[in-house]
Engineer: 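Here it is: the structure, laid out below.
Since we're looking at a predicted model, the values are computed, not measured. These values consider heavy atoms only, across backbone and side chains, with no hydrogens, waters or symmetry-generated copies. Counting convention: from 1, in listed order, for ligands and their atoms alike.
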Amino acid sequence: MRSVSRTSVLTFAAALCVSSPLFAQGDLDQRINREADSLLATYKHLHEFPELSTQEKETSALIAADLKKSGYEVTEHFGQYVEPGSTSYGVVGVLKNGPGPVVYVRTDMDALPIIENTGLPYASHVKVARASGGEVGVMHACGHDLHMTVFLGTARMLAQMKDHWSGTVVLIGQPAEETVEGAEAMLHAGLFTKFPKPDYVLALHDTSAVPTGKVSWHAGPLLAGADSVDITVRGYGGHGAAPQAGKDPIVIASEIVVMLQTIVSREMDPQLPTVVTVGSFHAGTKHNIIPDEAHLQLTVRTMNPQQREKVLAAIATIANGLAAAAGVPSERAPIVEVAKDHVPATINDVALTNRVGAALERALGKENVLAGEPIMASEDFSLFALADPKPPTSMFWLGASDPAKLKDATEKGVRLPGPHSSEFAPLPDPAIRTGVKAMTSAVMDLLKK
Ligand SMILES: [Zn+2]
Ligand SMILES: [Zn+2]
């Protein structure tokens, strides 16, 4: 499955370092096994007591305490949100270990507003008040608890195995990934200037598409860029029995929803993945009233800035064109607003990712390292690659599914609950041990003496 060049890189690398890395691998396994119970207990605790985006107070304190215990120089509450006076719970741990490159490893820390439905003995029962009233459950449904546990395990391994590498590691606990505020908050506060300047930035994300014990990776585009778009379709309301007297925004908005589907199917390059989804359509109050307005909410997923501009322009053209065709005057033209919460696509640096991939194969064995696939979800990890000094970044997938359940689901063609599902239940062992071995090996390869 792998290309010839990757194989030859692997052979060359293996020939270069026959003795000490092989010794280190066995040593690493033993050390990970010694920490396994403690890490599993940490995982279960984090899972049971999740905190929503921007609220990661206890979670970040746990991360900071563990990093300190491992010998890292730790800064807490790092980050600056747009909203003045708000606290960011970002954590930065630095371990300097002689001359060499600076490698950042990032974990996210936040959970999602979901009522957990896994039935696990360590399931979350946390509920918090909603700003809009009532309460909502909180769940680590994206596996950020798994990311944090692997991160802490990696921190422990790197501290214990300082003799095997030279350079600096900077471990960052990022808040508010799910609301795509946290990376920006840490960068805005001077992450890359107040701490050692990064040469490489690494992360992992769990996936239900890969069984535990395995990882997968993909060089190039990994995750899509995301935009939220609001369209207010304005007509002229009136009595439902006299449609000829008004301009019905519900009919116009309905036409817009249908016509938007042609952006992907007729306007975009079929080889470049694009998503335009209308996730919300609200209008009206009563059977016999034509409202003045209809509201649409869209999510748009693209892979590069040019593609993004084209899709956003097409959305505006369709909305304006269909309103005009319905006879809506220009002063009542639709209002098309692109929200500020844009995140760009996550692009894995090709050279770095190939190097990390080779290190993963050496550490885990080729049979446990799969060809990863890009998906149209989004991450604010992408922002680290765009901030000065624009370091190469790479994220790989950590298998989280029970292998037997995944095999069964694949054979039957049924859905296995994945990230953002109330039933998503990663199998923490061996996922944690695999993740720690994978990330530690990737960092030590970049910092090898
Ligand atoms: Zn998520
Ligand atoms: Zn996530």
Side-chain angles (χ1 to χ4, degrees), residues 43 46-47 50-56 59-60 63 89-91 105-118 124 126 136-152 172-186 201-210 212 215-218 221-228 275 277 279 299 301 341-346 348 372-385 393-401 416-428 431-432 435 438-439:
Y43 171 76
L46 289 168
H47 189 86
E51 294 172 300
L52 288 178
S53 310
T54 75
Q55 308 295 310
E56 308 88 345
T59 305
S60 63
I63 298 284
Y89 291 108
V91 180
V105 179
R106 173 267 210 171
T107 183
D108 33 21
M109 303 189 292
D110 53 335
L112 286 160
I114 292 176
I115 297 170
E116 180 158 355
N117 191 26
T118 60
S124 161
V126 174
V136 65
V138 185
M139 176 187 175
H140 267 302
C142 204
H144 298 182
D145 47 353
L146 191 54
H147 304 172
M148 287 185 278
T149 310
V150 169
F151 171 91
L152 293 176
I172 53 173
Q174 183 209 302
E177 187 284 320
E178 296 290 356
T179 54
V180 296
E181 298 166 280
E184 191 184 359
M186 294 187 85
V201 186
L202 301 179
L204 56 76
H205 202 293
D206 64 340
T207 172
S208 57
V210 173
T212 53
V215 298
S216 70
W217 62 278
H218 176 82
L222 186 74
L223 293 156
D227 281 284
S228 300
V275 175
T277 291
T299 189
R301 305 293 165 117
D341 65 354
H342 166 67
V343 277
T346 300
N348 274 342
E373 289 180 5
I375 60 171
M376 298 307 281
S378 302
E379 258 273 357
D380 65 0
F381 181 64
S382 54
L383 297 176
F384 294 111
T393 64
S394 188
M395 170 184 273
F396 63 86
W397 299 116
L398 174 63
S401 283
L416 193 64
H420 290 216
S421 158
S422 65
E423 296 170 47
F424 180 44
L427 191 64
I432 295 168
M439 187 56 89

Engineer: My understanding is that only one of His144, Glu184, Arg106, Glu181 makes a side chain to side chain donor-acceptor pair (under 3.5 Å) with Gln174; could you say which?
Structural biologist: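 Only one of His144, Glu184, Arg106, Glu181 forms a side chain to side chain donor-acceptor pair (under 3.5 Å) with Gln174, namely Arg106.
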Engineer: Listing by chain and number, what protein N/O/S atoms are under 2.8 Å from the Zn ion (ligand 1)?
Structural biologist: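 Near the Zn ion (ligand 1), below 2.8 Å, one finds Cys142 SG, Glu178 OE1, Glu178 OE2, His420 NE2.
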Engineer: Using a distance threshold of 2.8 Å, state whether an N, O or S atom of His205 lies below it from the Zn ion (ligand 2).
Structural biologist: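 Yes, within the cut-off.
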Engineer: Please check: side-chain N/O of Arg301 versus main-chain N/O of Ala224, any donor-acceptor pairing under 3.5 Å?
Structural biologist: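 No: the side chain of Arg301 does not pair with the backbone of Ala224.
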Engineer: Working note: His147 + Asp206, criterion side-chain hydrogen bond (donor to acceptor under 3.5 Å, both in side chains); need CA distance, chi angles, decisive distance, verdict.
Structural biologist: CA-CA 7 Å; His147 304 172; Asp206 64 340; 3.3 Å; yes
Engineer: Can you find a heavy atom in the side chain of Pro175 that is under 4.5 Å from one in the side chain of Thr54?
Structural biologist: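 Sidechains of Thr54 and Pro175: no contact.
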Engineer: Hydrogens and angles aside, do Thr346 and Glu379 bring a side-chain donor and acceptor to less than 3.5 Å of each other?
Structural biologist: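 No, no side-chain donor-acceptor pair sits under 3.5 Å.
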Engineer: Quiz question: by atom type and distance under 3.5 Å, do the side chains of Glu116 and Thr118 form a donor-acceptor pair?
Structural biologist: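 Yes, because at least one side-chain N or O of Glu116 sits under 3.5 Å from a partner of the opposite role on Thr118.
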